[in-house]
Structure formats: structure tokens, C-alpha cells
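So that the names make sense, note that chain A is the first sequence line, chain B the second, and so on, each numbered from 1. Everything numeric here is computed off the predicted structure, so don't read it as measured data.
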Amino acid sequence: MPLTLSIVTAERTVLERGDVQRLVVPTSEGQITILPKHAALMASLGIGEMIAHTPEGQQPIAIHGGFIQVVNDEVSVLADAAERAGEIDESRAEAARDRARGRIEGRIHIEEGALDLLRAQLALQRALIRLKVHRRRAGTGAPPVR
Amino acid sequence: MPGAGQVRAIRGRIRSVANTAKVTRAMELVAASKMRRAQDRALQARPYAERMRAVLGQLSGYTAGADPDSLHPLLEQRAVKHFALIHITADRGLAGGLNTNMNRAAASLALEHQPNVDRVSVLPVGRKGRDFFRRSGFPMLAEFTQLGDFPETRDVFPIARIVMQDYINGALDQVYVGYQRYVNPAVQRPTLRQLLPVRAPEGVEAQRVDFIFEPSPQSLLETLLPRYIEMQIYEAILEARASEQSARMVAMRQATDAANEMVSELTLTYNKARQELITSELLDIVGGKAALERGQA
């Protein structure tokens with residue numbers, strides 16, 4: 001019996017499938033893999049790449065925080081934000097990455113800019129994950145994203 | 001007998017009512033298109049809210065044995081000294097009885113709690129509710145207006161933060177949220193729901209499941225509960241917006257129909273008056289001619 005997966009955000013349903021054989025999950029504590037008959041689990045998500053293995057192949061999804069609950073092979077992902085690979089606009093993600101890098105370099109020495117720095121670092125992390133997910137789909141595997 | 005001036009006055013009135021009908025018709029169309037979008041957004045937010053409730057319900061099965069007060073401060077039940085209501089209304093009127101009904105429901109909730117607690121405060125979201133409560137004299141925690149027709153989740157964060165902080169530091173003991181729930185385009189229902197303290201969602205079967213928690217249950221609740229509160233408020237605002245647009249659409253359609261009916265009634269009066277005027281003018285001419293002919297003879 002495969003896993004039933006549903007990924008939802010506050011704005012919409014991102015993915016709903018009943019034929020997931022294996023799910024790689026970026027939790028806040030590290031990456032885990034969920035197989036059918038997994039024990040009941042409740043975990044918080046980090047920023048990272050989720051990969052759903054289905055009969056058609058891998059479905060990479062960019063995940064930006066949230067929760068996952070697994071009960072009786074039903075996986076509920078409540079993400080703060082999530083995008084399927086096909087939804088990611090590469091040039092926009094690249095622009096966001098460059099902007100975030102610029103902000104980090106510009107502010108790194110300013111003491112009171114700590115919160116802004118944190119924001120910029122998070123923005124950079126999100127942009128890098130989007131690029132990673134996008135490139136995996138593009139068939140180049142997951143190349144090192146710089 | 002109608003004079004030329006009266007006929008002209010009726011014509012002016014027809015023109016002005018027809019213009020009103022054009023305006024209300026345009027407003028109806030705008031509301032209809034906004035309603036579709038607002039409705040879509042409300043429907044698309046539901047799966048998340050439902051999953052969230054299901055997840056919390058599952059957890060409540062797990063936490064049933066434990067003392068909820070010790071798990072997280074947002075679960076803590078205490079004697080209510082300070083009651084607050086997040087009151088969601090539209091910024092604009094011309095939506096039939098929508099805002100009035102919501103204000104009435106909120107006022108009766110506030111008055112019902114007033115005798116039992118030290119203090120009842122309101123946190124209005126939307127101009128119509130704010131103006132109403134400003135007149136009523138209930139203290140306000142904060143006010144939020146101009147969130148727009150299609151608010152985002154981030155618009156909700158400050159509202160959630162205020163009530164959660166006040167709840168945790170003991171300034172508030174119970175918080176409700178009131179909004180017009182969208183049933184269908186013709187029906188909106190004023191709904192009042194408890195937000196804090198967080199209670200196990202109704203209708204979810206609490207099973208005893210042994211969960212693995214990553215990280216600890218406390219630290220998961222630490223992020224899950226605030227998200228749950230934000231989501232409840234967000235969902236309420238989206239429902240209220242869908243209700244607003246549909247109520248406005250219906251109200252404007254009725255206004256257009258009424259105006260068109262008035263135009264046809266006025267047109268009838270106008271034609272009658274015009275014909276009477278022509279008849280009387282003809283009579284004048286015929287009478288004058290007859291008198292002339294009599295004079296010549």
C-alpha cells in the first residue's frame with residue numbers, strides 16, 4: 001500500500017497523490033525518509049527539498065517550513081509555503097538569490113542590522129532551494145547550486 | 001392638466017434614475033467578479049484549515065491524559081476577567097444588511113458577556129465594525145482597516161500576535177472571533193467562535209495514537225498553535241470577504257431592478273403627460289382656428 005500524500009498551504013493545495021512509494025522530507029532536525037507503514041509521526045519542517053517517489057518518477061517540491069503528520073500511511077504536509085518544480089520561475093529565483101546575497105554582503109558589519117541579516121539569509125536559503133528543486137526537474141540531477 | 005414644465009421634469013427624473021441603474025449595475029458586475037475570486041480564495045484556504053484541525057484533533061487524542069495547562073500557555077483555561085472579540089466586518093457599505101447584522105450579533109455577544117467579566121474589549125477588523133463600536137463605547141485593543149478585498153496571510157499576523165501576546169501575559173482570558181460565514185451567494189451567516197484558549201476541534205475523533213515527535217511535543221505546539229490561531233483568523237477574514245462581495249452583488253442587483261422598474265413607471269407617466277399636453281395644444285389650435293373662422297364669417 002502506497003502513501004497518501006497531501007501538501008497544503010494556507011493559500012492552496014499544492015499536491016495531492018495517493019501513489020507515493022517513498023517520501024524524502026526535510027524536517028527541522030534533518031532529512032528523513034518515510035516509507036509505507038511508518039509509525040505515527042509529528043514533525044516540524046525546515047526549508048528544503050521534499051521528494052515524492054511515485055510510479056512516474058521523482059516529484060521534487062520546494063518546502064519552506066511548516067509541519068508534517070503521518071498517521072496510518074496518510075501524510076499531511078502543512079507547509080508555510082511550497083512549490084512544485086514546474087511552478088518555479090528560475091530567473092526570479094536567481095534574482096532573489098542575488099538580491100539576498102547583496103543584502104548580506106552590504107549589512108554583515110552593521111550591528112543593528114541583525115534582524116535584516118537573518119531575513120536576508122532566510123531569503124537566500126529559500127532562493128537556493130527553489131533553484132535546486134527547479135534544476136533537479138530540468139534533468140541535470142541536483143547540481144551544486146552556488 | 002400637465003404643463004410643458006412638468007413633462008420636462010419627468011424626463012429629467014427618468015434620466016437620473018436610469019443613470020443610477022447604470023451605476024448600480026456596474027457595481028453589481030464588479031462585486032460579482034470580486035465574489036468569484038474571494039470565493040475561490042476562501043475555498044482554497046479550507047483544505048489547510050481542515051488538515052490543521054485534523055492534526056490538532058489527532059494530537060489532542062495524544063495529549064488527552066496530560067494537563068493541557070502545562071503543555072502550552074495558549075491551551076490554558078482560566079477564570080475569565082477580560083473577554084475580547086475580534087470583530088470582522090467590511091470596510092465599505094452598500095452590501096444590504098451584511099454589516100448591520102454582524103454588528104448586531106457582535107453587540108449582543110459583548111453585552112451577554114459584560115455582566116460576568118470585568119472587561120469586554122473589541123478588536124475590530126474593518127471600518128464598519130470599528131465605527132459601530134466606537135459609538136458604543138467598548139474599549140478597543142487595536143483596530144485594523146483597509147486590509148483590501150483580497151488579504152494575504154501576512155496581513156493577519158499582527159492581529160494574531162496581539163491576541164496571543166495578551167493571552168500569554170494574562171491581559172486577556174478569552175478571545176472570540178466573529179465574522180460573516182459564506183454559505184452561498186444569497187446566504188451569509190454571522191458566526192461567533194472561540195479562538196482562545198485553544199480547544200480541541202469539534203467533530204474530530206480523538207484516537208489514542210502514540211506519536212513520534214520531532215522535536216518535542218512542547219516545541220511543536222510552540223509553533224503549531226500560533227499557526228493555528230493565524231489560520232483561524234485568516235479563514236474568518238476570507239469568509240467575511242466572500243460574504244461581503246456576494247451580499248453587495250445581491251444588494252446592487254436589487255437596486256438595479258428597483259431603478260429599472262421605476263424607469264418604466266416614470267416612462268408611462270411621461271407618455272401620458274406628453275399625450276395630454278399634445279391633446280390640449282391641439283384643442284387650443286383647433287379652438288383658435290374655429291374662433292377665427294367665426295370672426296370672418
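- Within the 4.5 Å cutoff, no side-chain heavy atoms of B:Tyr182 are placed close to those of B:Leu43.
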Could you go step by step and tell me if B:Leu172 and B:Leu141 meet the side-chain contact (heavy atoms from CB on, under 4.5 Å) rule?
CA-CA 10 Å; B:Leu172 287 176; B:Leu141 292 174; 4.0 Å; yes
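- Other residues, nucleotides and ligands contribute only 12 or fewer heavy atoms inside 6.0 Å of the CZ atom of B:Arg189.
- For the 3.5 Å distance criterion, the side chains of B:Gln180 and B:Glu244 fail to qualify, holding no donor opposite an acceptor.
- A perpendicular orientation is assigned to the rings of B:Phe133 and B:His87, their planes being inclined by more than 60° (bins at 30° and 60°).
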Please tabulate, one pair per line, the donor and acceptor atoms of chain A and chain B that lie under 3.5 Å from each other, or say none if there are none.
| unit_1 | atom_1 | unit_2 | atom_2 | d |
| --- | --- | --- | --- | --- |
| B:Arg51 | NE | A:Ser6 | OG | 3.2 |
| B:Arg51 | NH1 | A:Ser76 | OG | 2.8 |
| B:Arg51 | NH2 | A:Ser6 | OG | 3.4 |
| B:Thr153 | OG1 | A:Glu11 | OE2 | 3.1 |
| B:Ile212 | N | A:Ala40 | O | 2.8 |
| B:Ile212 | O | A:Met42 | N | 2.8 |
| B:Glu214 | N | A:Met42 | O | 3.0 |
| B:Glu214 | O | A:Ser44 | N | 3.1 |
| B:Arg227 | NH1 | A:Asp80 | OD1 | 2.4 |
| B:Arg227 | NH1 | A:Asp80 | OD2 | 3.1 |

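- Counting heavy atoms from C-beta outward, A:Val20 and A:Pro2 have side chains that stay 4.5 Å or more apart.
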